[in-house]
Amino acid sequence: QLQLVESGGGLVQPGGSLRLSCAASGFPLAYYAIAWFRQAPGKEREGVSCVSSSGGSTNYADSVKGRFTISRDNAKNTVYLQMNSLKPEDTAVYYCAAQKSTYYSTSLYPLETREYNYWGQGTQVTVSS
């Protein structure tokens, strides 16, 4: 069974940068579409970004567009979320999620929690001065 482990979270000042990693094991990641979600205290989980199994197609929430970049290295079975120009409102627990796709596909799943069956445990990101 596919397992996902996030890392790279921490405390950063507004305007700073952070790179999150999602390491997969148990199955080749090239068969899965991947998404990043986040959840702040008292708020619903929201989609941040997603990438197709090939890495050739991506999508972003309006709130992070132009600041965040999702990418993947299927040879390393790892997906990344580069976060730049961070704002206090970016503070949340960030989760990576996966859904079975076809091998090296350019197809995307919607950024909705119900679309993804596999989840990591999350990593805390705090943006504060």
Residue pair A61 / G47: nearest heavy atoms and the distance that separates them: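 It is CB-O, 3.5 Å.
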
Taking every non-hydrogen atom, the tightest pair across T106 and S54: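 Result for this residue pair: CG2-OG, 3.6 Å.
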
With sequence neighbours excluded, what pairs up with [X] under the side-chain contact (heavy atoms from CB on, under 4.5 Å) test?
| X | value |
| --- | --- |
| N74 | L29, A30, R72, Y104 |
| S105 | S53, S101, T102, S107 |
| A23 | T78 |

Of all pairs that satisfy disulfide bond (SG atoms under 2.5 Å apart), the ones with a partner from residues 96-129, not counting sequence neighbours: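 Those involving residues 96-129 are C22-C96.
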
Salt bridge (charged side-chain N to carboxylate O under 4.0 Å, His left out) involving R38 - partner list, sequence neighbours excluded: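 Salt bridge (charged side-chain N to carboxylate O under 4.0 Å, His left out) list for R38, sorted by chain: E46, D90.
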
For K65, all residues meeting salt bridge (charged side-chain N to carboxylate O under 4.0 Å, His left out), sequence neighbours excluded: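 By the salt bridge (charged side-chain N to carboxylate O under 4.0 Å, His left out) rule, K65 matches D62.
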
Shared hydrophobic cluster, V5 / V48 (ILVMFWY, side-chain heavy atoms < 4.5 Å):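 No, no single cluster joins them.
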
Give a yes or no on this: more than 12 heavy atoms of other residues, nucleotides or ligands lie within 6.0 Å of atom [atom1] of [X].
| X | atom1 | value |
| --- | --- | --- |
| K100 | NZ | yes |
| E44 | CD | no |
| Q3 | CD | no |

Residues clustered with L108, ILVMFWY side-chain links under 4.5 angstrom: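 Via sub-4.5 Å side-chain contacts, L108 links to none.
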
Shared-cluster residues of W119, by chain and number - hydrophobic side chains joined below 4.5 Å: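 Other cluster members: F37, V93, Y95, Y109, L111, Y116.
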
Residue pairs, two or more places apart or on separate chains, that pass side-chain hydrogen bond (donor to acceptor under 3.5 Å, both in side chains) and touch residues 12-28: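 Only S17-N84 qualify under side-chain hydrogen bond (donor to acceptor under 3.5 Å, both in side chains).
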
How about [X] and [Y]: do any of their side-chain heavy atoms sit closer than 4.5 Å?
| X | Y | answer |
| --- | --- | --- |
| L86 | L18 | yes |
| P88 | P14 | yes |
| Y60 | T58 | yes |

For C50, disulfide bond (SG atoms under 2.5 Å apart) partners two or more places apart: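 For C50 there are no disulfide bond (SG atoms under 2.5 Å apart) partners, ignoring immediate neighbours.
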
What's the spacing between [X] [atom1] and [Y] [atom2] if we round to 0.5 Å?
| X | Y | atom1 | atom2 | value |
| --- | --- | --- | --- | --- |
| L81 | E6 | CG | CD | 11.0 Å |
| L11 | Q124 | CG | CD | 9.5 Å |
| S71 | Y80 | OG | OH | 7.0 Å |
| S49 | I34 | OG | CD1 | 11.5 Å |

Under 3.5 Å: donor-acceptor pair, side chain of S85, backbone of G15: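 Looks like no, no N/O pair under 3.5 Å.
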
Pair L20-W36, side-chain contact (heavy atoms from CB on, under 4.5 Å): steps then yes or no: CA-CA 10 Å; L20 306 183; W36 286 94; 3.7 Å; yes

Derivation of the side-chain contact (heavy atoms from CB on, under 4.5 Å) call for V125 and M83: CA-CA 10 Å; V125 172; M83 305 184 295; 3.9 Å; yes

Pairs involving residues 4-30, ordered by first then second residue, that meet ring-ring contact (aromatic ring centres under 6.0 Å, His included) (sequence neighbours left out):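 Non-adjacent pairs meeting ring-ring contact (aromatic ring centres under 6.0 Å, His included): F27-Y31, F27-Y32.
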
Of all pairs that satisfy salt bridge (charged side-chain N to carboxylate O under 4.0 Å, His left out), the ones with a partner from residues 104-121, not counting sequence neighbours: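 Qualifying pairs, neighbours excluded: E112-R114.
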
side-chain contact (heavy atoms from CB on, under 4.5 Å) assessment of Y94 paired with Q39: CA-CA 7 Å; Y94 283 71; Q39 188 166 25; over 6 Å; no

